[in-house]
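Computed from heavy atoms alone, side chains included, the values below leave out hydrogens, waters and symmetry copies.
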Amino acid sequence: MNPQKTAVIADTGCDIPKDIAEKLGIRMVPLHVMYPEAEYLDDVDIDPLMVYHRFPNEIPKTSMPSVEEITDIYRSLREEGYEKVIAVAISSQFSGSYNVMRLAAESYEGLEIFVFDTKNISCGSGIFAYWAAIKLSEGLSFEEVTSGMQKKINDSHLMFYMDTLTYLEKGGRIGRVASLLGNILKLKPIIACDKEGVYYVVGKARGKARVRDMLIDNITELSRGHHCWIAIMNGDCVDDAKEVESILDQKIADKEFIYHKQIAATMAVNTGPGLIGVLTFDPEL
């Protein structure tokens with residue numbers, strides 16, 4: 001426990017690797033993956049490869065944790081001696097986990113709880129829990145960390161592309177016409193979240209090599225002129241992710257690769273296989 005007695009929690013859609021979460025003391029809150037036979041807890045009793053193996057015939061649904069689940073976590077933290085909580089959630093445009101964390105916080109007494117809508121997804125959200133845990137360990141106060149997160153909300157830049165748009169369309173993230181045209185024309189969009197936490201298309205290219213180069217160019221430009229943290233995510237394509245890392249290592253001088261990860265099962269449901277995502281983040285206040 002840090003001297004501030006502040007806990008950091010994040011939903012599993014934030015895509016923080018288990019070993020790093022354990023090392024930094026970040027409590028992960030499982031999102032849910034629902035198949036006809038059962039409802040599974042993300043990163044507890046289901047992993048993304050299980051989801052990929054059941055594609056394309058079975059595409060599950062995902063859901064947020066319940067208020068009771070979040071309240072139980074708050075209660076557990078209070079019993080462990082924590083006095084404050086920083087709760088980090090993926091964009092409220094994609095999941096209800098932010099609102100559930102907020103509602104549970106409003107009805108739970110005994111903890112000072114700050115709930116943060118990152119307006120982002122995957123490691124674009126998780127970077128705020130990572131940053132908060134690091135800053136708390138360095139001695140920053142609860143108030144300094146939470147105000148810093150709000151100031152830095154636009155400093156998290158995650159961009160990604162994937163092999164097919166089918167799963168984004170099935171999950172309601174893009175329209176059917178856009179999905180069909182993209183797949184037929186072999187156009188691969190680079191996708192990011194805007195300031196409202198909604199997907200938008202950064203650019204498009206035909207073919208994997210061209211879209212990879214476009215993503216690398218965008219991330220390199222956003223990383224220019226300051227120290228940056230880099231995280232690389234993949235959707236069942238580890239070798240491609242390693243290749244992207246190798247190129248970024250040569251192109252970006254002042255950087256630190258903080259982690260690499262296969263995206264969570266709940267993220268895999270809506271993106272499908274062949275995803276490459278890269279985050280760049282300026283950690284300085």
Side-chain angles (χ1 to χ4, degrees), residues 10-21 28-65 88-91 93-97 118 120-127 129 158-174 176 178-179 182-183 188-193 197-199 208 211-212 215 231-245 259-279:
D11 66 49
T12 51
C14 289
D15 263 329
I16 302 169
K18 276 185 176 181
D19 59 335
I20 290 177
M28 300 305 296
V29 181
L31 300 179
H32 296 202
V33 179
M34 298 173 291
Y35 281 99
E37 79 280 2
E39 186 168 317
Y40 299 97
L41 296 179
D42 191 8
D43 211 27
V44 175
D45 46 25
I46 190 170
D47 65 44
L49 295 182
M50 294 168 65
V51 174
Y52 291 130
H53 290 161
R54 296 177 71 162
F55 283 159
N57 297 323
E58 296 179 276
I59 302 176
K61 302 293 185 181
T62 61
S63 73
M64 60 197 171
V88 177
I90 61 174
S91 174
Q93 298 289 337
F94 299 135
S95 169
S97 61
T118 60
N120 218 311
I121 198 79
S122 184
C123 61
S125 296
I127 194 64
L158 169 66
M159 298 182 182
F160 64 93
Y161 62 85
M162 66 225 65
D163 278 350
T164 174
L165 299 176
T166 300
Y167 298 94
L168 277 181
E169 183 254 313
K170 295 289 185 184
R173 306 307 188 200
I174 62 170
R176 185 169 181 269
S179 173
N183 289 330
K188 296 183 183 295
I190 295 173
I191 297 171
C193 289
V198 178
Y199 283 154
K208 184 179 292 187
V211 75
R212 180 202 64 189
L215 181 145
I232 299 177
M233 315 301 290
N234 80 89
D236 200 21
C237 54
V238 175
D239 289 343
D240 289 347
K242 289 180 178 177
E243 185 176 2
V244 168
E245 178 189 354
Y259 55 79
H260 318 247
K261 187 180 181 296
Q262 160 68 56
I263 61 171
T266 45
M267 299 294 100
V269 168
N270 291 312
T271 55
L275 176 140
I276 293 291
V278 181
L279 164 81

Fill in: Expected output: side-chain D47 to main-chain D43 donor-acceptor under 3.5 Å
no

Worksheet item: Angle class for the Y199/F94 ring planes (parallel below 30°, perpendicular above 60°, tilted otherwise)?
Response: tilted

Worksheet item: Would you call R54 and E37 a salt bridge, using N to O less than 4.0 angstrom?
Response: yes

Worksheet item: Q262 side chain to N234 main-chain N or O, any donor-acceptor pair under 3.5 Å?
Response: yes

Worksheet entry | Residue pair K261 / C123, side-chain heavy-atom distance below 4.5 Å | no

Discussion item. Do E58 and Y35 have side chains that approach each other closer than 4.5 Å (heavy atoms only, starting at C-beta)?
Written reply: yes

Discussion item. Does M159 have more than 12 heavy atoms from other residues, nucleotides or ligands lying within 6.0 Å of its CE?
Written reply: yes

Worksheet entry | Shortest non-hydrogen contact between L215 and I190, atoms and distance | N-CD1, 3.3 Å

Worksheet, complete the sentence: Output for pair (I276 CD1, K188 NZ), nearest 0.5 Å, gives 11.0 Å

Practice prompt. Taking the side chain as every heavy atom from C-beta outward, state whether Y167 and P273 have any atom pair closer than 4.5 Å.
Written response: yes

Practice prompt. Tell me, with the steps shown, if S97 and V29 meet side chain to side chain contact (heavy atoms under 4.5 Å, CB included).
Written response: CA-CA 9 Å; S97 61; V29 181; over 6 Å; no

Practice prompt. Any chance you could measure L275, atom CG, to F160, atom CZ, to the nearest 0.5 Å?
Written response: 6.5 Å

Worksheet item: At their closest point, which heavy atom of G124 faces which heavy atom of L158, and how far apart are they?
Response: N-CD2, 3.8 Å

Item to complete: Considering only NZ, NE, NH1 and NH2 on the basic side and carboxylate oxygens on the acidic side, decide whether D163 and K208 come within less than 4.0 Å.
Response: yes

Fill in: Shortest non-hydrogen contact between I263 and G235, atoms and distance
CG1-CA, 4.2 Å

Worksheet, complete the sentence: Between the CD atom in E39 and the OG1 atom in T62, the distance rounded to the nearest 0.5 Å is 10.5 Å

Discussion item. Can a donor-acceptor pair be found, under 3.5 Å and without considering hydrogens, that links the side chain of D15 to the backbone of A264?
Written reply: yes

Practice prompt. Taking the side chain as every heavy atom from C-beta outward, state whether R212 and D240 have any pair of such atoms under 4.5 Å apart.
Written response: no

Response to the item:
Heavy-atom nearest pair, Q93 first then G197, reads CB-O, 3.3 Å

Worksheet item: So, E245 side chain and I232 main chain: donor-acceptor pair closer than 3.5 Å or not?
Response: no

Worksheet item: To the nearest 0.5 Å, what is the distance between OG (S122) and CD1 (I90)?
Response: 9.0 Å

Item to complete: Let me see the working for V278 and V244 under side chain to side chain contact (heavy atoms under 4.5 Å, CB included), right down to the final yes or no.
Response: CA-CA 9 Å; V278 181; V244 168; 3.9 Å; yes

Item to complete: Check P65 against H32 and note the closest heavy-atom contact, atom names and distance.
Response: CA-NE2, 3.9 Å

Worksheet, complete the sentence: Test side-chain contact (heavy atoms from CB on, under 4.5 Å), reference P30, set D45, D11, V44, I46, output is V44

Discussion item. Would L49 and D236 count as a side chain to side chain contact (heavy atoms under 4.5 Å, CB included) here? Give the steps.
Written reply: CA-CA 7 Å; L49 295 182; D236 200 21; 3.6 Å; yes

Worksheet entry | Flag side-chain contact, heavy atom, 4.5 Å: T166 against P56 | no

Discussion item. Within this structure, what is the CZ-CE distance for the pair F55 and M50, rounded to the nearest 0.5 Å?
Written reply: 12.5 Å

Practice prompt. Would you name the heavy atoms of Y161 and P189 that are closest together and state the gap between them?
Written response: CB-O, 3.4 Å

Fill in: Atom pair OG (S95) and CD1 (I121), whose distance is rounded to the nearest 0.5 Å
7.5 Å

Practice prompt. Start with the C-alpha distance between T118 and V88, add both sets of side-chain angles, then the distance that settles side chain to side chain contact (heavy atoms under 4.5 Å, CB included), and finish with yes or no.
Written response: CA-CA 7 Å; T118 60; V88 177; 3.5 Å; yes

Item to complete: I would like to know whether D42 and T266 meet side chain to side chain donor-acceptor pair (under 3.5 Å); could you show each step before the answer?
Response: CA-CA 7 Å; D42 191 8; T266 45; 2.6 Å; yes

